[in-house]
Amino acid sequence: SAGLNVLAEKSGRYFGSATDNPELTDTAYTAILGDKNEFGIITPGNSMKWDATEPSRGTFTFTGGQQIVDFANANGQAIRGHNLVWHSQLPAWVTSGNFDKATLTSIMQNHITTLVTHWKGQLAQWDVVNEAFNDDGTFRQNVFYTTIGEDYIQIAFETARAADPDVKLCINDYNIEGSGAKATALYNLVSKLKAANAPIDCIGIQGHLIVGEVPSTLQANWAQFASLGVDVAITELDIRMTLPETDALLQQQAKDYATVVAACMNVSRCIGITIWDYTDKYSWVPQTFSGQGDACPWDSNLQKKPAYASIASAL
Ligand code: XIL
């Protein structure tokens with residue numbers, strides 16, 4: 001049967017996967033990751049983050065990110081840049097530097113300009129700002145917010161646009177899949193940014209979901225986001241279960257993946273879906289959510305799970 005990206009392309013969408021540098025030595029793994037029929041776009045899971053790219057002030061390393069760009073290019077795949085401004089995986093020199101507003105603004109702008117310029121013309125999308133909100137819809141009190149104020153977000157987008165006029169610029173977050181306080185806050189922010197003519201092109205919806213707990217409001221919420229005049233992209237989809245895995249959980253997971261895919265298919269500005277790695281072998285879930293795992297469409301032996309077929313039929 002056709003691969004997931006081939007199926008997604010029938011409606012002008014894409015299907016993609018995240019990856020990470022250490023996995024690229026696993027040739028059985030890369031044989032599937034590099035198959036453009038399955039994945040039309042690749043996201044570096046870690047190697048474009050601030051700690052990886054500017055570990056000390058003004059010293060930039062692109063090696064890890066470039067390795068994934070080279071891999072995708074060799075296989076004719078597009079790339080999502082991830083990410084430019086985020087509270088996590090942010091070096092201590094930024095979080096604990098006690099910089100004043102003007103200095104931190106220029107540090108942030110320099111980081112953005114340097115990365116976006118380095119890969120100018122080579123990436124399809126950038127997550128410019130990641131996880132700006134708390135779950136209650138208030139702004140996360142990260143160092144950029146507390147030092148620069150809410151304006152850090154618009155400044156970040158303007159800086160990215162100045163460095164690459166063509167890459168799609170996204171704001172990305174989790175727990176905004178269905179409606180709720182956090183989704184509303186993001187909607188209101190993007191509405192404000194659009195009214196201010198800020199160069200924002202897309203809302204990235206991470207999609208770290210739980211088997212049996214997929215919100216019923218996905219489609220309505222994404223249609224509402226899209227009504228702001230932005231694309232929506234599912235950027236980090238995985239659907240985890242409490243271990244041990246059972247047949248019933250695998251069947252429910254297959255249904256849940258299909259629900260997410262169908263919601264995207266039903267929103268014309270939902271441009272595509274990226275899973276946060278394709279195999280349980282390299283998923284971030286077990287290290288992050290104790291007792292949970294098996295969140296991906298391929299198992300840890302790189303075999304397709306029931307979710308694979310359900311995604312394929314929903315595309
Ligand atoms: C995760 C990576 O997959 C892990 O390897 C790393 O240890 C922590 O970060 N939201 C995001 C991603 O935007 O960057 C995170 O990636 C997962 C949650």
Side-chain angles (χ1 to χ4, degrees), residues 16-23 26 29 33 43-52 80 82-83 86-90 127 130-138 140-142 172-183 186 204-218 221 233-261 263-264 273-308 310-311:
S17 178
T19 188
D20 204 0
N21 297 70
E23 307 159 21
D26 178 343
Y29 169 82
L33 181 73
T43 306
N46 284 300
S47 51
M48 289 185 181
K49 291 173 178 175
W50 198 310
D51 59 353
R80 289 196 86 251
H82 176 81
N83 58 62
W86 188 28
H87 68 278
S88 187
Q89 294 176 273
L90 186 62
D127 287 326
N130 198 30
E131 302 182 351
F133 290 101
N134 297 312
D135 281 347
D136 66 1
T138 57
R140 190 187 287 271
Q141 304 284 301
N142 64 34
N172 193 51
D173 217 324
Y174 66 96
N175 287 351
I176 53 152
E177 292 76 19
S179 344
K182 193 174 187 179
L186 179 61
I205 295 155
Q206 291 187 7
H208 297 294
L209 300 173
I210 299 172
V211 169
E213 296 178 31
V214 173
S216 59
T217 49
L218 298 180
N221 188 46
I234 316 310
T235 55
E236 306 183 14
L237 180 62
D238 52 23
I239 311 184
R240 62 189 186 263
M241 60 181 72
T242 298
L243 301 172
E245 184 181 283
T246 63
D247 281 346
L249 283 165
L250 282 173
Q251 294 309 323
Q252 183 63 46
Q253 180 181 55
K255 276 189 199 159
D256 291 341
Y257 266 102
T259 300
V260 175
V261 172
C264 180
I273 298 166
T274 295
I275 50 179
W276 203 242
D277 225 320
Y278 74 85
T279 163
D280 294 333
K281 187 171 185 181
Y282 296 120
S283 172
W284 73 306
V285 166
Q287 293 111 289
T288 311
F289 304 96
S290 167
Q292 299 183 276
D294 292 1
C296 301
W298 277 256
D299 70 16
S300 51
N301 298 314
L302 309 182
Q303 300 302 303
K304 294 168 181 168
K305 293 156 67 174
Y308 181 92
S310 74
I311 294 168

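Count residues from 1 along the sequence.
Heavy atoms from other residues, nucleotides or ligands lying under 6.0 Å from CG of Asp136 number more than 12.
Distance alone, capped at 3.5 Å, places no donor-acceptor pair between the Asp20 side chain and the Pro22 backbone. Looking at Asp299, its side chain does come within 3.5 Å of a backbone N or O of Leu302 through a donor-acceptor pair. No side-chain donor-acceptor contact under 3.5 Å links Glu177 to the backbone of Leu218.
Residues meeting the ring pair (Phe, Tyr, Trp, His ring centres under 6.0 Å) test with Tyr29, sequence neighbours left out: Tyr278, Tyr282.
With rounding to the nearest 0.5 angstrom, the CG atom of Asn46 is 5.0 Å from the CD atom of Gln89. With rounding to the nearest 0.5 angstrom, the CD1 atom of Ile205 is 10.5 Å from the CG atom of Asp173. Remark: Arg240 CZ to Ile210 CD1 distance equals 4.0 Å, nearest 0.5 Å. Distance check: Thr274 OG1 to Glu236 CD gives 9.0 Å after rounding to the nearest 0.5 Å. In this structure, CG in Asp51 is found 8.5 Å from CH2 in Trp86, a value given to the nearest 0.5 Å. In this structure, CD1 on Ile275 lies 13.0 Å from CD1 on Ile234, to the nearest 0.5 angstrom.
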Audit row: Trp284, Asp238, side chain to side chain contact (heavy atoms under 4.5 Å, CB included) steps and yes/no
CA-CA 10 Å; Trp284 73 306; Asp238 52 23; 2.8 Å; yes
What verdict does the side chain to side chain contact (heavy atoms under 4.5 Å, CB included) test give for Leu33 and Glu23, after you've listed the backbone C-alpha separation in whole Å, the side-chain angles of each residue and the deciding distance to 0.1 Å?
CA-CA 10 Å; Leu33 181 73; Glu23 307 159 21; over 6 Å; no
Could you please spell out the steps behind the side chain to side chain contact (heavy atoms under 4.5 Å, CB included) verdict for His208 and Thr288?
CA-CA 12 Å; His208 297 294; Thr288 311; over 6 Å; no
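The side-chain contact (heavy atoms from CB on, under 4.5 Å) with Tyr257 is formed by just one residue from the set Val211, Ile239, Val214; it is Ile239. For the side-chain hydrogen bond (donor to acceptor under 3.5 Å, both in side chains) with Gln206, the lone residue among Thr235, Asn130, Asp127, Asn175 that qualifies is Asn130.
Using a 4.5 Å heavy-atom cutoff, the side chains of Phe133 and Ile176 are not in contact. The shortest distance between side-chain heavy atoms of Trp276 and Thr43 falls below 4.5 Å. Between Val260 and Leu209 the shortest side-chain heavy-atom distance falls below 4.5 Å. Counting heavy atoms from C-beta on, the side chains of Asn83 and Lys49 come closer than 4.5 Å. Contact check for Pro44 versus Asn21: no side-chain heavy atoms found under the 4.5 Å cut-off. Contact check for Gln253 versus Glu245: no side-chain heavy atoms found under the 4.5 Å cut-off. Residues Lys304 and Trp298 are in side-chain contact: their nearest non-hydrogen atoms beyond the backbone lie under 4.5 Å apart.
Pairing each heavy atom of Ser179 with each of Thr217, the nearest pair is N-OG1, 2.9 Å. Here the closest non-hydrogen pair linking Ala307 and Pro297 is CB-CA, 4.2 Å. In plain terms, the two heavy atoms of Asn221 and Ala183 that are nearest each other are OD1-CB, 3.7 Å. The shortest non-hydrogen separation linking Tyr174 to Lys182 is O-NZ, 2.9 Å. When all heavy atoms are compared, the tightest approach of Ala254 to Ser310 is O-OG, 2.6 Å. Contact detail for Ala52 and Ser47: the closest heavy-atom pair is CB-O, 3.7 Å.
Side chain to side chain, Gln252 and Asp256 meet the donor-acceptor criterion of an N or O pair below 3.5 Å.
Lys281 has a carboxylate O that lies under 4.0 Å from a charged side-chain N of Asp26, or vice versa, which qualifies the two as a salt bridge.
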